[in-house]
Amino acid sequence: MDRKFPNLCKPLQVGNVTFRNRMCSAPMGGTDITKDGCIGPKSAAFYELRGKGGAAAVTVSECMVHPETDGSHAYHLDLAVLDSLASFTYCADAIRRHGAIPTLELSHSGQFAGTYMTDKTKQKTMIQYGVSPSVRADGLEIHELTQELIDDIVASYGRVAGLAKRAGFEMLMIHGGHGWLINQFLSPLFNERTDKYGGSLENRTRFAKEVMTAIREAVGPGFPLEFRMSGSEFCEGGYDLDEGVRIAKEMEPYVDILHVSAGTYQKTFGITHPSMFEEHGRNVFLAEEIKKHVSVPVATLGGLNEPELLEEIIASGKADLVYMGRALLADPFLPRKVVEGRDNEIKRCLRCFTCMAERAVTSTRRCTINPLIGREMDGVEIHPVAESERKKVLVVGAGPGGLEAALTAAKRGHKVVLCDSASEVGGILKSERALPFKYEMYQLGVTQEVLCRKAGVEIRLNTTVTPEYAAAENADAIIIAVGSEPLVPPIKGLRDGENVIIVNNYYLEKDKVADEVVVFGGGLAGCEAAIHLGMEGKKVHLVEMRDELAPDANVRHRPLLLKEIDKYVTVHTGYKGMEVTADGIICEDKNGETHLVPGKTVICALGQRARKQVAADLLDCAPWTITIGDCNRAATITQAVYQGYHAALDL
């Protein structure tokens, strides 16, 4: 058959292994790492879902090879630990039985040992070993690795590699990027040694070559070894792409695949994991350049989730393989949908960093738009109910929660009617279409509509559900997802000012925005609107009554958001808005003094208020009703999606 994306779907032979397509699951830490570093059953299910979704290879991350000098709470493969080998074996088997190649990432975090500990204070009780003696930014002393420790770590790479092969992994990825130990040897940012491991490029690559040699001796010929490296470190004192090319050429004889990532620890988070403020595929040029200088296959990654872009990367020869991490959290079946030509059904990653924020804060995995992530053991299949148990379900509100509820209920075999008073689905997602860096949020509503209609959901737009309407429908169950409405307090000039635009309506009125703008409200929505307007070249002022901006942003997204604010926006914190005029907002500071914050247009972004009364009016309109999402309490898309999914499962 003719494939819509023929290059992405083409197999690739590497050593004794055949990739079924060119789309791979990037290294991601699991969801339940045991106290002894074993792969818990939840993690095995987490990785298995990517294999089931059609990825060519699924990388389990990270296996720390030398616990004596790297106490990170990550995986450890050790025969001395009961069930360690078994847990890796079951995980590899779970991936392989779906046709994907199980691969394990071997790592050592060097001076950043303890990174994955939720309680970061425990790092201070550890001896931190690095390439050279130094003091970390957080004040921890770094001890230089001795030759004896280096030899022991090299040997441990080989030992763990042999065990990984024994467990059934068919490829290994050796982490040599992102500021981890191998990269610490490679990079002048860390390496100040004067012995055979420091100075020249030959010396700085010596440790990496010793590691690869030890691994090759353990796994034998034909077993693919993938070397993960930063093509450029993108920071002062680190190496650039030209040096990255030289490193790649030095490592080529020892590897079967060069996996080209970017950046270094802590300094380049939003580049290593491209944020929504970065272009999709912003790191592909690194792989493209390195590929010109080597003959082994080259892999690329970084904010990739669009099939057309992935196809172009392979077709044009920029890389031989594409890796996705967050994109396969959002939609684990992305590769299968690409192969089957169902790209209009792909739920695209929002790059909101919920997944990585939860990892840092709660040691769990969660995805804003995929309620399965981290809970795969609860069951990834939506099983239809018996015919005798099928219900008529009325879903009120076609925002993210209502769409997820309607889709899930329809998949279970219920007759679903989805109503919304607007002329299109999406709810609050509709407003994101005007912000290019948040366009995927708008696309989510579009994709969910496609999936709902395919599942048999009857969608009625321009339809307000009153108690009388609901009674006439005579549904067995009503899922109430009427959402929230903008909070517009009774500040003079705010509700009736001709120059005022509610942030939710910006996409409808963006042509009215003048060149000088005041964004009223420094929460997440206000900050993102201000950044967008600044990117458009407008002069933007941001007014916030509190002392800090965007406290509702997650711990991964917020620092990157604030950096963008610094680039584009003049900030006024501690300012209480008193009156909106044609020339801006009159504000009062903490000392009671008044100031005019200038702007011909005012964007009101003071938050959302739950539509509780609208929801309450429908509570007695069916034998079983439930409220989900923002109509309970204005919160996040994540909560709306999760509540919608589980409300439908509870029918």
Side-chain angles (χ1 to χ4, degrees), residues 350 352 354 368-369 371 394-406 418-435 438 441-442 444-445 448-449 461-467 470 478-491 494-495 500-509 519-529 544-546 550-554 557 602-619 621 625-647:
L350 308 182
C352 61
T354 293
T368 289
I369 65 175
L394 176 62
V395 180
V396 186
L403 286 164
E404 185 68 28
L418 173 63
C419 296
D420 197 282
S421 58
S423 60
E424 60 182 317
V425 306
I428 203 167
L429 300 174
K430 299 194 298 288
S431 63
E432 308 294 6
R433 77 180 72 185
L435 277 62
K438 296 191 74 177
M441 289 192 180
Y442 166 69
L444 174 62
Q448 288 287 70
E449 180 179 9
L461 299 174
N462 301 304
T463 302
T464 300
V465 176
T466 62
I478 300 178
I479 298 176
I480 305 167
V482 292
S484 59
E485 58 191 5
L487 182 62
V488 187
I491 295 172
L494 185 61
R495 292 183 173 179
V500 176
I501 297 173
I502 306 302
V503 70
N504 304 51
N505 298 329
Y506 168 72
Y507 76 103
L508 298 171
E509 303 178 68
V519 176
F520 194 10
L524 181 60
C527 286
E528 290 177 340
E544 170 55 46
M545 185 168 62
R546 294 167 294 190
D552 49 339
N554 68 56
H557 182 55
V602 173
I603 306 292
C604 179
L606 293 172
Q608 297 288 122
R609 177 168 49 198
R611 301 179 72 200
K612 290 186 177 182
Q613 189 57 53
V614 177
D617 291 344
L618 300 174
L619 287 176
C621 293
T625 59
I626 186 171
T627 58
I628 65 169
D630 274 11
C631 66
N632 290 319
R633 179 174 63 89
T636 63
I637 296 172
T638 310
Q639 291 175 324
V641 170
Y642 274 63
Q643 291 172 13
Y645 176 74
H646 288 286

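Along the sequence shown, residues carry numbers from 1. Values in this document were obtained by computation on a predicted structure and should not be read as measured data.
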Do C631 and V614 pass the side chain to side chain contact (heavy atoms under 4.5 Å, CB included) test, and can you show the C-alpha distance, the side-chain angles, and the key distance before you say yes or no?
CA-CA 8 Å; C631 66; V614 177; over 6 Å; no
What distance separates K612 NZ from N632 CG, expressed to the nearest 0.5 Å?
8.0 Å
Return yes if some donor-acceptor pair links the side-chain N/O of R495 with the main-chain N/O of V488 below 3.5 Å, else return no.
yes
Is it the case that the side chain of T463 and the backbone of L461 share a donor-acceptor pair, with hydrogens and angles ignored and the cut-off at 3.5 Å?
yes
Could you walk me through whether V503 and S431 pass the side chain to side chain contact (heavy atoms under 4.5 Å, CB included) test, one step at a time?
CA-CA 8 Å; V503 70; S431 63; over 6 Å; no
D420 side chain to G427 backbone, donor-acceptor under 3.5 Å:
no
Can you measure from CD1 (I479) to CD1 (I626) and round to the nearest 0.5 angstrom?
7.5 Å
Looking only at heavy atoms, what is the nearest atom pair of V641 and P371, with distance?
CG1-CD, 3.9 Å
Looking only at heavy atoms, the pair that brings T627 and A615 closest together is CG2-CB, 4.0 Å
Which heavy atom in L418 sits nearest to a heavy atom in A406, and how many Å separate them?
CD2-CB, 4.2 Å
Can you list everything that forms a ring-ring contact (aromatic ring centres under 6.0 Å, His included) with H646? Sequence neighbours excluded, please.
none
Sequence-distant partners of L524, side chain to side chain contact (heavy atoms under 4.5 Å, CB included), two or more places apart:
E528, D552, A553, H557, L561
Closest contact, heavy atoms only, A634 versus S484:
CB-CB, 4.4 Å
Mind checking whether N462 and S421 have side chains closer than 4.5 Å, heavy atoms only?
no
To the nearest 0.5 Å, tell me how far N554 CG sits from T368 OG1.
8.0 Å
So how far is it from E485 CD to L487 CG, rounded to the nearest 0.5 Å?
9.0 Å
A side-chain contact here means heavy atoms from C-beta on lying under 4.5 Å apart; do I637 and T354 qualify?
no
Qualifying residues under salt bridge (Lys or Arg N to Asp or Glu O under 4.0 Å), relative to R546, sequence neighbours excluded
E544
For I478 and V396: C-alpha separation, side-chain torsions, deciding distance, then whether side chain to side chain contact (heavy atoms under 4.5 Å, CB included) applies.
CA-CA 7 Å; I478 300 178; V396 186; 3.9 Å; yes
Can you list everything that forms a ring-ring contact (aromatic ring centres under 6.0 Å, His included) with Y442? Sequence neighbours excluded, please.
Y439
Partners meeting salt bridge (Lys or Arg N to Asp or Glu O under 4.0 Å) with K430 (sequence neighbours left out):
none
Taking the side chain from E404 and the backbone from Y645, do they hold a donor-acceptor pair closer than 3.5 Å?
no
Do you know the tightest heavy-atom contact between V602 and F520?
CG1-CB, 4.2 Å
Could you check L619 against I480 for side chain to side chain contact (heavy atoms under 4.5 Å, CB included), going step by step and ending with a plain yes or no?
CA-CA 8 Å; L619 287 176; I480 305 167; 3.9 Å; yes
Quick one: pull up CG in L618 and CG in L394 and give me the separation to the nearest 0.5 Å.
8.0 Å
List in chain and number order the residues that pass side chain to side chain donor-acceptor pair (under 3.5 Å) with T625, two or more places apart in sequence or in another chain; answer none if no residue qualifies.
none
Output the distance between atom NZ (K438) and atom CG (L444), rounded to the nearest 0.5 Å.
12.0 Å
Shortest non-hydrogen separation from A405 to I628 and the atoms involved
CB-CD1, 4.3 Å
